[in-house]
2 protein chains.
Amino acid sequence: MLMNSPDASDSTGFPAGEVARMLDRLARLVLRLNTPGELSLTTASTLATLDRSGPCRLTDLAARQGVTQPAMTQLVSRLQESGLAERAADPQDRRVVLVRITAAGRAALAERRRARGERLAVLLTELDEAERAALTAALPAIDALTRLLPDDAPASPGVPVPEPSRH
Amino acid sequence: MLMNSPDASDSTGFPAGEVARMLDRLARLVLRLNTPGELSLTTASTLATLDRSGPCRLTDLAARQGVTQPAMTQLVSRLQESGLAERAADPQDRRVVLVRITAAGRAALAERRRARGERLAVLLTELDEAERAALTAALPAIDALTRLLPDDAPASPGVPVPEPSRH
DNA sequence: CAACTTATATCACCTCGTTATGTATCTGTC
DNA sequence: GACAGATACATAACGAGGTGATATAAGTTG
């Protein structure tokens with residue numbers, strides 16, 4: 001089932017079609033790992049960015065998550081209503097909104113990670129040792145892969161995203 | 001950055017929390033790989049199931065995708081409107097709706113796979129050889145992992161899902 | 001100061017998911 | 001063989017999360 005694809009390899013001699021299909025299935029598994037009431041993927045990802053990189057302009061946040069600015073305005077409003085983040089003013093530029101994670105936000109993020117780690121751990125016990133090892137070995141590659149999308153850089157502290165003029 | 005997690009291992013000596021976080025980021029990448037107008041993840045996954053396993057009851061389809069029956073009714077209606085699938089009657093039981101992929105559905109699925117494979121291939125060229133190898137090596141494990149969720153079995157032909165009484 | 005440009009908000013709209021409920025059809029029992 | 005309950009699907013009302021188009025306020029620049 002891994003061998004009969006018509007697109008067995010590209011210029012790099014790599015079965016990109018096969019990988020893409022597998023990643024689709026994996027993404028569905030990740031989505032199905034959500035329990036009702038739990039923070040959604042986008043919500044958690046946004047909170048994680050705020051946790052890692054500190055306060056962030058709303059527009060930058062939107063770019064990093066790969067969503068439009070109106071979508072981020074809404075998301076931030078929901079986060080604010082539930083007390084997980086807050087809006088702050090930028091004294092340098094009164095147009096901007098700096099979004100900041102709250103203590104409750106950090107707690108919610110930690111709890112989500114705990115719960116999902118636990119749920120995933122249960123699934124992982126169903127795999128054999130070699131499969132788990134293969135997954136572990138792939139983590140750095142996955143990490144590298146997820147850093148490739150524009151504006152998704154985890155932003156090392158001190159380098160506040162050099163915004164490369166997107167208009 | 002892979003070593004400082006507080007949940008470094010569970011009973012299997014495996015950093016499930018770290019893996020869960022990585023999978024979250026990977027899932028967001030997969031979602032961002034979608035271009036506007038393209039088939040969504042659930043839509044594509046449902047069509048893929050129909051393509052693999054042949055006509056299927058609406059309720060079974062819902063269980064396999066891990067969504068509720070009303071959600072599947074809606075999805076099938078959208079698929080039918082766009083001509084990618086169709087409803088058929090079951091002569092044995094006039095309550096059931098058998099959902100069947102159409103030729104157009106197969107074509108749309110193939111086109112989506114082609115386009116996404118291409119997009120992913122571009123990203124993969126940014127990885128080094130060792131990273132690509134690690135990803136390839138992890139594919140069987142990912143395949144095994146995605147088969148673990150209830151009702152998600154790809155249903156080998158001839159065994160029409162023995163529906164294990166879910167009420 | 002007028003004219004852009006930029007940052008955010010707001011609006012109308014779509015998709016995709018949920019619960020709760022309705023309707024038609026089967027099934028088992030008296 | 002009719003009635004009670006279970007089952008398969010549809011419908012309705014809603015929320016979250018996304019889109020593009022557009023308004024508003026605040027910097028920036030000639």
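Throughout, protein chains are lettered first and strands after them, A, B, ... in sequence-line order, and every chain is numbered starting at 1. Please read these numbers as outputs of a predicted model, since none were measured by experiment.
Across all non-hydrogen atoms, the minimal contact from A/Gly83 to A/Thr102 is O-OG1, 2.7 Å.
When each of A/Arg28, A/Arg25, A/Arg32 is paired with B/Thr146, the side chain to side chain donor-acceptor pair (under 3.5 Å) condition holds for A/Arg25 and for no other.
Taking side-chain N and O atoms only, B/Thr73 has no distance below 4.0 Å to OP1 or OP2 of D/dC9. Considering only side-chain N and O atoms, B/Thr59 lies nowhere under 4.0 angstrom from the phosphate OP1 or OP2 of D/dA8.
Not counting sequence neighbours, B/Ser82 has no partner by the side-chain hydrogen bond (donor to acceptor under 3.5 Å, both in side chains) test.
The nearest whole Å value for the distance from the CG atom in A/Asn34 to the P atom in D/dG15 is 20 Å. As rounded to whole Å, 17 Å separates atom P of C/dG17 from atom CD of A/Glu38. Here the P atom of nucleotide D/dT11 and the CE atom of B/Met72 are 16 Å apart, to the nearest Å. Look at CZ on B/Arg57: it is 13 Å from P on D/dA10, rounded to the nearest Å. Rounded to whole Å, atom C1' of D/dA8 lies 12 Å from atom CZ of B/Arg87. The distance from atom CD of B/Gln80 to atom P of C/dT15 is 16 Å, rounded to the nearest whole Å. B/Asp60 has its CG atom 12 Å from the C1' atom of D/dC9, to the nearest Å. Distance, B/Leu61 CG to D/dA10 P: 12 Å, rounded to whole Å.
Between A/Arg119 and A/Glu38, at least one side-chain nitrogen of the basic residue sits less than 4.0 Å from a carboxylate oxygen of the acidic one, meeting the salt-bridge criterion. At a threshold of 4.0 Å, the pair B/Asp24-A/Arg116 counts as salt-bridged, since one of the basic side-chain nitrogens sits closer than that to a carboxylate oxygen.
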Treat primed atoms plus P, OP1 and OP2 as sugar-phosphate and everything else as base, then score nucleotides 17-27 of chain D 5' to 3': B for base contact with protein heavy atoms under 4.0 Å, S for sugar-phosphate contact only, - for none.
SBBBB----BS
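Of the N and O atoms on the side chains of B/Arg87 and B/Ser77, at least one donor lies less than 3.5 Å from an acceptor on the other residue.
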